[in-house]
Chemist: 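Mind looking over this structure? Questions follow.
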Amino acid sequence: MMVPAALLLLGALTAVVAPRLLALADWPDREPVVALWVWQCVVAAVLLCCALSMTLSAAEAWVAVRGHVFARAPRAVVEAYAQSTGSPWAATTAVALACGGAWSGAMLVREVVRARTRRRRRRAELLVRAPLLPGEEPRSDRLVVLEGERPDAWWLPGAAPQLVITTAALRRLKGRQLDAVLAHEQGHAQARHDWLLHCSAALANGFPQVPVFAAFRDQMHRLVELAADDVASRRFGRLTIALALVELNEDRGVFGPCPTPQAHVPQRVNRLLTPPDRLTAARRLRLTAAAALVPVVPVLVAFVPGLRALG
């Protein structure tokens, strides 16, 4: 039971320490794409710790499971992992972690189903408000303009993704600002940010008492917007996308003293107007490589008894 317990301890330590280190660092806002990768690696390491602990606990508790897990392993390796066969704590740990894994899968399925339901409902509303002309086929680059007094624009993903924009937004957006908004939304679509948001929401909703999952969800919502801003700014300039954000959100009170659900918008505008220096390519590479090694640590911990037996 030593290795499963060590894996659970490692997962808890990663879940506590990594978010705090990322919160203290000054580079995530400068490199949102790297920060997205680091967060994914941290959460993957936590989940991998739980999965490996569940597998080894089940192998320790039940002979049938052990036979499948160590089917091709040498006898010395099997004996190294079977020091306390039949431990009641091993069975309890395996069942609890298996239930947690099943619950996570159920939450992800629920999140995806809800997102698809919302998408179908919004598409149905679009067909009512902006029907296709006779003979017109849906196109992936179709821009839908809706009558509306509130400036708004959003990307509707799916088999035929569409950028939806209101007439009020068209009146406000000047010059290349509309192109910048389109590039921003296309950045979300090309990077499949919707799947990051689905996964982070599923974990946070499924385990609301686990702080790392709540932080993961909040940071995904923030970082995907920064990453899409950078995509648009590289094509049309930081000032253009900043002005477009101001025009689309000025009437919502986000720039006032009272907090709003879109309180991150002023921070995005300030970041675009006073861009921080990017990290060097070498440092970005080091951070990416270091993050990729985080999920490797639980695998090494799980293999320690087997490697010792072979040695």
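Computed over heavy atoms, backbone and side chain alike; hydrogens, waters and symmetry mates excluded.
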Chemist: If every non-hydrogen atom of A180 is compared with every non-hydrogen atom of A232, which pair is closest and at what distance?
Modeler: O-CB, 3.4 Å
Chemist: Applying the 4.5 Å side-chain criterion to the ILVMFWY set and letting contacts propagate, would V16 and L22 be lumped into a single cluster?
Modeler: no
Chemist: Among the clusters formed by ILVMFWY side chains lying less than 4.5 Å apart, do V265 and I241 turn up in the same one?
Modeler: yes
Chemist: As an exercise, state the distance from CH2 of W37 to CG of L223, rounded to the nearest 0.5 Å.
Modeler: 15.0 Å
Chemist: Suppose we screen for side-chain contact (heavy atoms from CB on, under 4.5 Å). Which residues come up paired with A25, at least two apart in sequence or across chains?
Modeler: W27, P28
Chemist: Using every non-hydrogen atom in the two residues, find where N270 and T274 come nearest and quote the distance to one decimal.
Modeler: O-OG1, 2.6 Å
Chemist: If hydrophobic clusters are built from ILVMFWY residues whose side chains come within less than 4.5 Å, do M220 and L226 share one?
Modeler: yes
Chemist: Taking everything shown except W195 itself, do over 12 heavy atoms lie less than 6.0 Å from its CH2?
Modeler: no
Chemist: In Å, rounded to the nearest 0.5 Å, how long is the span from CG of L248 to CG of D152?
Modeler: 7.0 Å
Chemist: Is any side-chain heavy atom of R176 closer than 4.5 Å to a side-chain heavy atom of F236?
Modeler: yes
Chemist: Answer whether the closest heavy-atom distance between the side chains of R120 and R116 falls below 4.5 Å.
Modeler: yes
Chemist: For residues H184 and D229, determine if any side-chain heavy atom of one lies less than 4.5 Å from a side-chain heavy atom of the other.
Modeler: yes
Chemist: Start with the C-alpha distance between E250 and R172, add both sets of side-chain angles, then the distance that settles side chain to side chain contact (heavy atoms under 4.5 Å, CB included), and finish with yes or no.
Modeler: CA-CA 10 Å; E250 189 175 12; R172 281 180 171 269; 3.5 Å; yes
Chemist: Do V299 and V301 share a hydrophobic cluster (ILVMFWY, side-chain heavy atoms under 4.5 Å, transitive)?
Modeler: yes
Chemist: Within a strict 4.5 Å, meaning less than it, do heavy atoms of the V95 and C99 side chains meet?
Modeler: yes
Chemist: Taking all non-hydrogen atoms of both residues into account, name the closest pair between A183 and R235 and its distance.
Modeler: CB-NH1, 3.9 Å
Chemist: Just wondering, do R271 and P32 contact through their side chains at under 4.5 Å, heavy atoms?
Modeler: yes
Chemist: Is the shortest side-chain heavy-atom distance between T93 and L8 below 4.5 Å?
Modeler: yes
Chemist: Would you give the length of the straight line joining atom CG of D179 to atom CD of Q177, rounded to the nearest 0.5 angstrom?
Modeler: 10.0 Å
Chemist: Table please: side-chain donor-acceptor pairs of residues 197-215 below 3.5 Å, with sequence neighbours left out.
Modeler:
from: S200; atom 1: OG; to: L196; atom 2: O; distance (Å): 3.0
from: S200; atom 1: OG; to: L197; atom 2: O; distance (Å): 3.1
from: N205; atom 1: ND2; to: A201; atom 2: O; distance (Å): 3.1

Chemist: Sorted by first residue and then second, give each side chain to side chain donor-acceptor pair (under 3.5 Å) pair with at least one member in residues 275-286; sequence neighbours left out.
Modeler: E31-R278
Chemist: Give the minimum heavy-atom separation between V38 and A291, together with the two atoms involved.
Modeler: CG2-CB, 3.7 Å
Chemist: Of the non-hydrogen atoms in S233 and R238, which two are nearest, and what is the gap between them?
Modeler: CB-CG, 3.6 Å
Chemist: With a 4.5 Å limit on heavy-atom distance, are the side chains of R119 and R122 in contact?
Modeler: no
Chemist: Could you list the residues that satisfy side-chain hydrogen bond (donor to acceptor under 3.5 Å, both in side chains) with D194, not counting sequence neighbours?
Modeler: none
Chemist: Step by step, would you call R110 with R114 a side chain to side chain contact (heavy atoms under 4.5 Å, CB included)?
Modeler: CA-CA 6 Å; R110 187 185 72 167; R114 286 182 174 180; 3.6 Å; yes
Chemist: Run the side-chain donor-acceptor check on residues 40-53: report pairs under 3.5 Å with partners two or more places apart or on a different chain.
Modeler:
from: Q40; atom 1: NE2; to: L36; atom 2: O; distance (Å): 3.1
from: S53; atom 1: OG; to: P4; atom 2: O; distance (Å): 3.1

Chemist: Hey, is the main chain of A91 close enough, under 3.5 Å, to the side chain of S57 for a donor-acceptor pair?
Modeler: no
Chemist: Side chains of L279 and V34: closer than 4.5 Å at any heavy-atom pair?
Modeler: no
Chemist: What pairs with D29 under salt bridge (Lys or Arg N to Asp or Glu O under 4.0 Å), at least two apart in sequence or on another chain?
Modeler: R222
Chemist: Which heavy atom of P19 sits nearest a heavy atom of W39, and at what distance?
Modeler: CB-CH2, 3.7 Å
Chemist: Would you please say whether a donor-acceptor pair under 3.5 Å links the side chains of H193 and E225?
Modeler: no
